[in-house]
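Chain letters run A, B, ... following the sequence lines, proteins first, then strands; residues in each count from 1. Predicted model only: the values in this text are computed from it and were never measured.
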Amino acid sequence: MEKKLVLIDGNSIAYRAFFALPLLNNDKGIHTNAVYGFTMMLNKILEEEKPSHILVAFDAGKTTFRHATFKEYKGGRQKTPPELSEQFPFIRELLDAFGITRYELPNYEADDIIGTLSLQAEQDNFEIKVISGDKDLTQLASTATTVGITKKGITDIELYTPEHIREKYGLAPQQIIDMKGLMGDASDNIPGIPGVGEKTALKLLQQFNTVEILLQSLDEVSGKKLKEKIEEHQDLAVLSKQLATITREAPIEVTLEETEYKGMDLTKVVEMYKDLGFNSLLDKLGDLADISEEIVQEEIQVEVVSEISEAMFAEENGFFLEILEDNYHQAGIIGMTISNKHGQFYLKAEQAEASAIFKEWASDETKKKAVYDAKKTIVALSKRGIDLKGIDFDIFLASYILDPADAAEDLAAIAKKQNYSPLMPDESFYGKGAKRLIPGEMELSEHLARKAKALLELKPIMIDTLEQNEQYGLLMDLEIPLSIILAKMETQGIKVDVERLKQSGKELAMRLNEIEANIFEAAGECFNINSPKQLGVILFEKLQLPVYKKTKTGYSTSADVLERLESQHEIVREILHYRQLGKLQSTYIEGLLKVVNADSDKVHTRFNQALTQTGRLSSTDPNLQNIPIRLEEGRKIRQAFIPSEKDWIIFAADYSQIELRVLAHIANDEGLVEAFRADMDIHTKTAMDVFHVQKEEVTSNMRRHAKAVNFGIVYGISDYGLSQSLGISRKEAAQFIDNYLKSFPGVQEYMHESIHEAKQKGYVSTLLQRRRYIPEITSRNFNQRSFAERTAMNTPIQGSAADIIKLAMINMSERIEEENLKTRMLLQVHDELIFEAPPEELEILMKIVPEEMERAIELNVPLKVDYAYGPTWFDAK
DNA sequence: TCTGCCACGC
DNA sequence: GACGTACGTGGCAGAC
């Protein structure tokens, strides 16, 4: 077997990790960011390098042999922050658990240990990889030794081979030392020759190769000043070179044999991860080694029901329904369990379906059920003719409301978070992916019984927290009622004109063929246009178009780049067109056809009610919230969405500027409030204020800019984002935002308050008490903090708007019942509601839909709703 | 099976 | 001074 030694500069990596990551805490208040980063890096190295031998070297103590020659060595360095020092013991412990040899040697630095071992290993025919954050180490590069230096972050590593060093600096690895000798190194307080920087040092070394040769050939140095400087500071150059030189003969006591890597002690690593709160790493470990933590579950009694009887039911029940497939619309029910004061009961869907007693209980509003995912439960049962009522709690939604960041995958994770007795995660119980297996009835009934029991028992615990947070109403009066409405919408589905889609598909295919032919001709060869990699080669290598932007894997071929290239080559236009049509074809024609129910010609999306961080819904299988509208070509897709009954119409109503109205209200900004009260065009108004002009003087370009700024405010984009969308410089964009905030001082103040609130409470809230926690608000990492600040400003706006339309949906649904309408609500697309209705109800809809939407909540500005209708979704514009 | 790129909506 | 910058879903390519 190939021998491969990895040598890691422990101090350097720990420092890097510490400064690259925000100051994470575990639940015991210990800082863990450096340990976390270190662990990430270790995992990556072990995975990618698969070393046979590995060692982590640390610096020992403050003074080294270098201080003997130069006592100011590394002087002036900032003291290690205590938040970092306290993490070193954990790093050491972690290395022990990983089974990785670590070593430190008094009087020597980690560099010297690495230099010495790498030399020994080279002589022993090892392949060697050195990992550090310190470029000094690159002097060790050789044919056998590659030096990896961390770039931004910690897991991103730049590899220095002798070739790479030559390319980058024009030097051989050993000359790195000479360079340091000449230019010094401020971070280590190595002096170098005063006045000699990187440029001069490189130039000198090109000519003289080493410091020694340079000093012997001083006469040949061009430039009188430079020559004098070098002459004067000869000794400094020699000293500096000496200081920068890594010794390869440190008196180390560790042998190569001792660095052999024999694998980690899993139990210890799991234990450490748990202590440190590294849950994501724990999960990874679980997948990897299939040793998900030992779960000691409580004993549970469960009756596998042979005959359904009244004795199984009570007033208060936990009711769990298991479906394993993602798409619950036509998936099978694995089993159901009920938990109450009489015990736990397991039954099959077929039993429930055939039982009048069960149906009676299910539809009895007074028999309370605590469930996990009400919508899914209702949909699944309604397919089988069972009408579920009396849902008085939903653990899934409750968990989302308590913290939307818990993308609650399963009940076990929620139970854990609530300190409830442990449950087996579904992934461990059933297995995942291709290995998924439903166990026998004995095991299955117990697993499901535990879940039902957990529902019953978690309910009071979570209600408690919800009440403390003043969020109980949000769950009971908003999310749970909405869940029932969404269940209806999903089950109802939307009719699709399949023939029309297929016809469009055929036409598109022909046009795509033509465009493809044009592209191949212009390119002079065939290639896969859908491959950014291949496309990049054609555009930027073969056709030599200028490269404006790169991605980390190659050339960027995104639309904004292509648009800039459009005038330079005819092929670009064709490619853009190809992309546009290709998207329609693959996503909206083929994609949609794939999910149409063949019996009914309907699509049944699923709204995810517990996913987004702002409180919005999302939609999948198919996603009906991103059907094209902006470009006419794509908008035609909407012609395929039709009413499910003959002669009915599609009725669509949308809020006008709901987010900006919400902002006007929350910020209580005088100008903004007045503008909405006067029903002004808000973008024009913004342009007037930002550019200090009269209404008549607002040009279309001013309005466009104002609109983009408003857009930015609503979505919390950065000055960079704004500059991209307007095609202006970042500075100008920042200036725009600044002008905007000066024009709307109320908004300015609101922005400050939001950030302040996030810092103080750790979260921000919407009008209806929805929360979003933003721990990064205190990050020392500029990006993370800026992002957190924008989140703090934007979430109450977007989230409150989401609250409002959810309220409107509930009100509208009630109103439809009250008015005894046949009208059906079909979709919600963030700020609009889409219905299908019989023509005779059109008149009343034009009255009540805007009415219910506009009065969903009372703000200090009016809400405004526009509506439209027609025979297809396309026509409802 | 996973990741990156790209593109659609709000 | 560089960092990499609303939120979602889905399709395709390419590496494993």
(message) So does Gly716(A) get a backbone contact from the side chain of Arg790(A), meaning a donor-acceptor N/O pair under 3.5 Å?
(response) yes
(message) What is the distance, to the nearest angstrom, from the CD1 atom on Ile575(A) to the P atom on dC5(B)?
(response) 18 Å
(message) Just checking Lys877(A): does its NZ atom have more than 12 heavy atoms from other residues, nucleotides or ligands closer to it than 6.0 angstrom?
(response) yes
(request) Would you indicate whether Lys602(A), at its atom NZ, is surrounded by more than 12 heavy atoms from other residues, nucleotides or ligands within a distance under 6.0 Å? (result) yes
(message) In this structure, how many angstroms lie between the P atom of dT5(C) and the CD1 atom of Ile777(A), rounded?
(response) 18 Å
(message) At 4.0 Å (heavy atoms only), tell me whether Ile629(A) reaches a base, stays on the sugar-phosphate, or touches nothing.
(response) sugar-phosphate
(message) If you only use heavy atoms from C-beta on, which nucleotide in dG8(C), dG4(B), dA7(B) is closest to the side chain of Thr553(A)?
(response) dG4(B)
(request) State whether the side chain of Arg436(A) and the backbone N or O of Leu324(A) hold a donor-acceptor pair below 3.5 Å, judged by distance alone. (result) yes
(message) I'd like to know if the side chain of Gln613(A) reaches the main chain of Pro404(A), judged simply by a donor and an acceptor atom lying under 3.5 Å from each other, with no hydrogens or angles considered.
(response) yes
(request) Ignoring hydrogens and angles, answer whether the base of dC10(B) and the side-chain atoms of Arg616(A) contain a donor-acceptor pair closer than 3.5 Å. (result) yes
(message) So Arg730(A), base contact, sugar-phosphate only, or nothing? Heavy-atom distance under 4.0 Å.
(response) base
(message) If I take atom CD1 in residue Ile797(A) and atom C1' in nucleotide dC10(B), what distance separates them, rounded to the nearest angstrom?
(response) 15 Å
(request) Quickly work out the Leu584(A) CG to dG9(B) C1' distance and round it to whole Å. (result) 13 Å
(request) Could you tell me whether the side chain of Lys583(A) and the main chain of Tyr588(A) form a donor-acceptor pair under 3.5 Å? (result) no
(message) Does dC7(C) have OP1 or OP2 under 4.0 Å away from a side-chain N or O of Thr614(A)?
(response) no
(message) It should be established whether Thr791(A) places a side-chain nitrogen or oxygen under 4.0 Å from OP1 or OP2 of nucleotide dA6(C).
(response) no
(message) Measuring from the side chain of Leu611(A) (C-beta onward, heavy atoms only), which nucleotide among dA6(C), dG8(C), dC10(B) has the closest atom?
(response) dG8(C)
(request) May I ask you to verify if any side-chain N or O of Thr557(A) is less than 4.0 angstrom from the OP1 or OP2 atom of dC6(B)? (result) yes
(request) Please determine, for the side chain of Ala559(A), which listed nucleotide (dG4(C), dA7(B), dG8(C)) has the closest atom? (result) dA7(B)
(request) Could you state the atom-to-atom distance from NE2 of His577(A) to C1' of dC6(B) in whole Å? (result) 17 Å
(request) Please measure how far the P atom in dC3(C) lies from the corresponding atom in dC5(B), and state the result in whole Å. (result) 16 Å
(request) Only pairs at least two apart or in different chains count here, so list each salt bridge (charged side-chain N to carboxylate O under 4.0 Å, His left out) that has a residue in residues 546-556 of chain A. (result) Lys549(A)-Asp560(A)
(message) Need one value for Ser786(A): base, sugar-phosphate or nothing, where a base atom within 4.0 Å counts as base even if backbone is also close, heavy atoms only.
(response) nothing
(request) Among the candidates dC7(C), dC10(B), dG4(C), find the nucleotide nearest to the side-chain atoms of Phe782(A). (result) dG4(C)
(message) With rounding to the closest Å, how many angstrom separate the P atoms on dA2(C) and dA7(B)?
(response) 28 Å
(request) Could you tell me the separation between the CG atom of Leu833(A) and the P atom of dG9(B), rounded to a whole number of Å? (result) 19 Å
(message) So does Ile777(A) get a backbone contact from the side chain of Gln784(A), meaning a donor-acceptor N/O pair under 3.5 Å?
(response) no
(request) Any chance you could encode DNA chain C as dot-bracket? Rule is Watson-Crick or G-U wobble with both distances under 3.5 Å; [ ] for pairs crossing earlier ones, | for another strand. (result) ......|||||||||.
(request) Specify the separation, in whole Å, of atom NZ of Lys549(A) and atom P of dT5(C). (result) 10 Å
(request) Calculate the interatomic distance between Leu576(A) atom CG and dA7(B) atom C1'; express it in whole Å. (result) 12 Å
(request) Would you mind telling me which of dC3(C), dC10(B), dG10(C) lies closest to the side-chain atoms of Asp831(A)? (result) dC10(B)
(message) Nearest to the side chain of Ile717(A), heavy atoms from C-beta on, is which of dG8(C), dA6(C), dC6(B)?
(response) dA6(C)
(request) Take nucleotides 11-16 of chain C nucleotide by nucleotide from the 5' end and write B, S or -, depending on whether a protein heavy atom sits under 4.0 Å from the base, only from the sugar-phosphate, or from neither. (result) SSSSS-
(request) Please work out which of the three classes, parallel, tilted or perpendicular, describes the rings of Tyr555(A) and Phe540(A), given edges at 30° and 60°. (result) tilted
(request) Return yes if the base of dG10(C) and the side-chain atoms of Asn623(A) contain a donor-acceptor N/O pair under 3.5 Å, otherwise no. (result) no
(message) Counting the atoms with a prime plus P, OP1 and OP2 as sugar-phosphate, which does Asp621(A) contact under 4.0 Å by heavy atoms, base, sugar-phosphate, or nothing?
(response) sugar-phosphate
(request) Using the side-chain contact (heavy atoms from CB on, under 4.5 Å) rule, take Arg630(A) and Arg635(A) through it: C-alpha gap first, then chi angles, then the decisive distance, then the call. (result) CA-CA 7 Å; Arg630(A) 291 181 190 179; Arg635(A) 190 173 197 158; over 6 Å; no
(message) Counting only heavy atoms from other residues, nucleotides and ligands, does the tally under 6.0 Å from NZ of Lys542(A) exceed 12?
(response) yes
(message) Strictly distance-based, threshold 3.5 Å: is any side-chain N or O of Arg638(A) a donor or acceptor partner for the main-chain N or O of Pro628(A)?
(response) yes
(message) Measuring to OP1 and OP2 of dC10(B), would you say a side-chain N or O of Arg630(A) lies under 4.0 angstrom away?
(response) yes
(message) Roughly how many Å apart are dT5(C) and dC10(B), using the P atom of each and rounding to a whole number?
(response) 23 Å
(message) By nearest atom, which of the nucleotides dC10(B), dA6(C), dC3(C) is closest to the His830(A) side chain?
(response) dC10(B)
(request) Check every atom of dA7(B), dG10(C), dT5(C) against the side chain of Arg579(A) and return the nucleotide holding the closest atom. (result) dA7(B)
